[in-house]
Amino acid sequence: MKRRIIWLIGSLLALVVIVLGLAGNYIYDLAISRNSGVVQLYGGTDEAVEAVSALEEEQKRLEELRSWTSRQKFEQVSIQSDDGLTLKGLYLKNKYPNGKTVVLAHGYKGNSDQLPEVTRFYYRQGYNILKPDARDTGIVKATISGMAGQTGSIM
């Protein structure tokens with residue numbers, strides 16, 4: 001009886017070592033080994049690999065867009081509203097203006113830092129760019145009234 005238990009425990013231990021060795025080899029081949037083959041996890045397809053490549057291209061495009069945006073000299077502008085609130089925004093004067101200015105309004109709970117791709121598009125068309133912050137967003141903080149007309153401090 002003791003021999004049987006020892007043999008059973010030994011067999012299970014050997015099986016665990018073999019399974020862990022195979023799993024480790026698989027992980028090594030998948031994550032560490034450098035080969036030019038396409039990894040197809042979960043029945044992956046060449047279309048999935050192309051999607052990942054497209055994602056990498058999109059990341060490069062966004063990084064270039066962030067770089068372009070950071071090189072621009074936005075001027076902070078402000079105006080006093082009728083109810084006494086100082087409204088602020090960002091203004092970008094075009095080096096080669098076409099004589100027009102476009103106002104880019106962000107969405108609810110957004111701010112003037114958004115819309116970099118649209119900003120670059122219109123800038124390349126020759127437009128000056130004005131990106132105002134809505135009340136209670138971005139660089140505008142209201143203490144008079146919120147977007148829905150509530151009164152009180154908004155911070």
Nearest-0.5 Å distance, [atom1] of residue [X] to [atom2] of residue [Y]:
X	Y	atom1	atom2	value
N128	N98	CG	CG	7.5 Å
T69	L62	OG1	CG	10.0 Å
L20	N25	CG	CG	12.5 Å
T101	Y91	OG1	OH	4.0 Å
K60	E64	NZ	CD	12.5 Å

Does the side chain of [X] reach to within under 4.5 Å of the side chain of [Y], using non-hydrogen atoms?
X	Y	answer
T119	W68	yes
L87	P132	no
D133	H106	yes
K88	Q76	yes

Consider only side-chain heavy atoms of I, L, V, M, F, W and Y, link residues closer than 4.5 Å, and tell whether [X] and [Y] are in one cluster.
X	Y	answer
F121	Y127	yes
I9	V16	no
L65	Y122	no

Query raised in the report: Does a donor on one side chain and an acceptor on the other come within less than 3.5 Å for S67 and R71?
Result: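 R71 and S67 do have a side-chain donor-acceptor pair below 3.5 Å.
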Query raised in the report: Any ion pair linking R61 and E58 (charged N to carboxylate O, less than 4.0 Å)?
Result: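 Salt bridge: yes.
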Query raised in the report: Which atom pair, heavy atoms only, marks the closest approach of L115 to A105?
Result: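 Scanning both residues, the minimum pair turns out to be CD1-O, 3.8 Å.
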Requested in this report: Could you pull out the closest heavy-atom pair between K95 and Y123, with the gap in Å?
Outcome: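 So the minimum-distance heavy-atom pair works out to N-OH, 3.3 Å.
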**Report entry** Heavy atoms of other groups near L15 CG, more than 12 under 6.0 Å
**Finding:**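 Yes.
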